[in-house]
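Take a look at the structure below.
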Amino acid sequence: MARIIVVTSGKGGVGKTTSSAAIGLGLALKGNKVVLIDFDIGLRNLDLIMGCERRVVYDFVNVINGEATLNQALIKDKRVSSLSVLPASQTRDKDALTKENVGKVLEELGKTFDFIICDSPAGIEAGAMMALYYADEAIVTTNPEVSSVRDSDRILGMLASRSRRAELGLEPIKEHLLLTRYSPKRVADGEMLSVEDVEDILSIPLLGVIPESQAVLKASNAGEPVILDTESDAGQAYQDVIDRLLGDTVDFRFLQTEKKSIFSRIFGG
Amino acid sequence: MDGADNFRETLFMAFTSIEFKGTSFTLSVLQLKSVKLADVRADLTKKIAQAPDFFHLVPLVVSIEKINDSLDYQAVKLLVEELNFTFVGFTGTVDKAQRQLIRELGFSFINTAKALTGKALTGKALTSKANVAKNTGEKSMFTDKATVATQTPIAAPDSGAQKVSTPQVALFTDKIHRGPIRSGQQVYAKGQNLVVIGSVSAGAEVIADGNIHVYGSLRGRAIAGAQGHHQAKIYCQNLQAELVSINGNYWLSESMEEHWDSPAYINLTDSELTSSKLI
């Protein structure tokens, strides 16, 4: 049985697509068969972050309308063969998706893949609802900032009431908190909510804390998901997320301000 | 034991299959502001259209408090029954002759607790409720409803009221919600207390006709005694609410400084909310 995981947040710009790409690639690097689906119809981004934007021929909406088969639309990743991307359509809007036809596509994908990662659009409208409807698990991407936390809280309410699992009275969607753009220094200065603050408000298990990092922007522009940058703290933090998703217990890193080394203290680095 | 008690005892002992008891209920009261029944019908129909299920077969007492002109009582009864209410009787502070007239027509006349003590209804609860509705900008059904029908706990019917001591305790059962109530969610315990085992997030709303208990942090809105229960209280393990309201009297977070971020409960004394340390 494929695990259907939605990466969602309510608020835009918090790192849903970056996280989807990193997590999808990370799971595939561990030998899992993974498909990444871009649910942001009309605002296609995942292909850019994955670096496959020049290979998009058919898209999700073409498949739904029967204009292409799944195999025609899926783009196989050049770095890891067990990873595929199903791009969004840039020319349509979110009404192109319905519960029935999305369900059919997911069922079909579930026959081949171990993980189906649904990259949700921002908001709480039809597009976001469609992305979370069939999910078994949800990665709620949140920035340590009050408005993002409130929007995450809202989407958690939706997960508990508007999903297929909620409608059928099945076991609820497993919720994970992914805190992104975390800056221990700003937390220490009292400018940013701490991990504990966010956990207290949302009260769901913490999956990972991704530190604010220059590497993320660089990776996005290069179309190389940041998890490939094993030198960077963000890349390592995503690696820990993968291990936790696969059932390992890993200590949280990058929660404290780094102790300055003797050199940087002397040279003011 | 005096003679009257003796008499009552023998009276009730004689019937084992039935027993008379005095108790109090919360009933909807329709406040008539006009004797033009065509207008009343039009307004009432509009109101019902907003929430048909809510009003269907609701027991209704018609208050003639504000009516000075003569009124066709029979027509009023037929009108509310036609609109699918269950007609109970008339109420209001009126003179003895008018009360007598109503009884002679074959209708119950119900004295409110306030009318019994000779105090006129102030309509205060009504205006404060309307204020909340305006201030919060919400279209909650019951706050909205307060503009046509205030709900008043009534004592037992006129004749027996002085003799039978009626317990004034409102008996609410509990609605229990397990898990957090998230931003944007609304939970209403109609005719019940609400017990939340979990936190109420900012932007969420919990409402009960009775008390509200939150075993967690209260960060959203809590509205207790929503249909006019003065004794309702709000308890929480951590008070960080956006708004608390009891029987239409409300506080915004700025009024909660004293017990902010600590276990507290809110109750209503006269028309003032007060907060107290919980533990």
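Labels below follow one simple rule: chain letters A, B, ... track the order of the sequence lines, proteins then strands, and each chain is numbered from 1. Only this structure's heavy atoms are used, side chains among them; waters, hydrogens and symmetry mates stay out.
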With rounding to the nearest 0.5 angstrom, report the CD1 to CG distance, B:I181 to A:L156. 14.0 Å
Over 12 foreign heavy atoms within 6.0 Å of CD, A:E191: yes
For B:R182 and A:L202, the nearest pair of non-hydrogen atoms, with its separation, is NH1-O, 2.8 Å
Bottom line for B:S217: the part with an atom under 4.5 Å from chain A's heavy atoms is neither
Between the OG atom in B:S201 and the CZ atom in A:R154, the distance rounded to the nearest 0.5 Å is 11.0 Å
For atom NZ of A:K174, decide whether the heavy atoms of other residues, nucleotides or ligands shown that lie under 6.0 angstrom number more than 12. no
Does A:E167 have more than 12 heavy atoms from other residues, nucleotides or ligands lying within 6.0 Å of its CD? yes
Got a sec: does the CG of A:D248 have more than 12 other heavy atoms crowding it under 6.0 Å? yes
Residue pair B:Q185 / A:G157: nearest heavy atoms and the distance that separates them: NE2-O, 3.6 Å
Are there more than 12 heavy atoms of other residues, nucleotides or ligands under 6.0 Å from atom CD of B:E258? no
Is any side-chain N of the basic residue among B:R219 and A:D200 closer than 4.0 Å to the acidic one's carboxylate O? yes
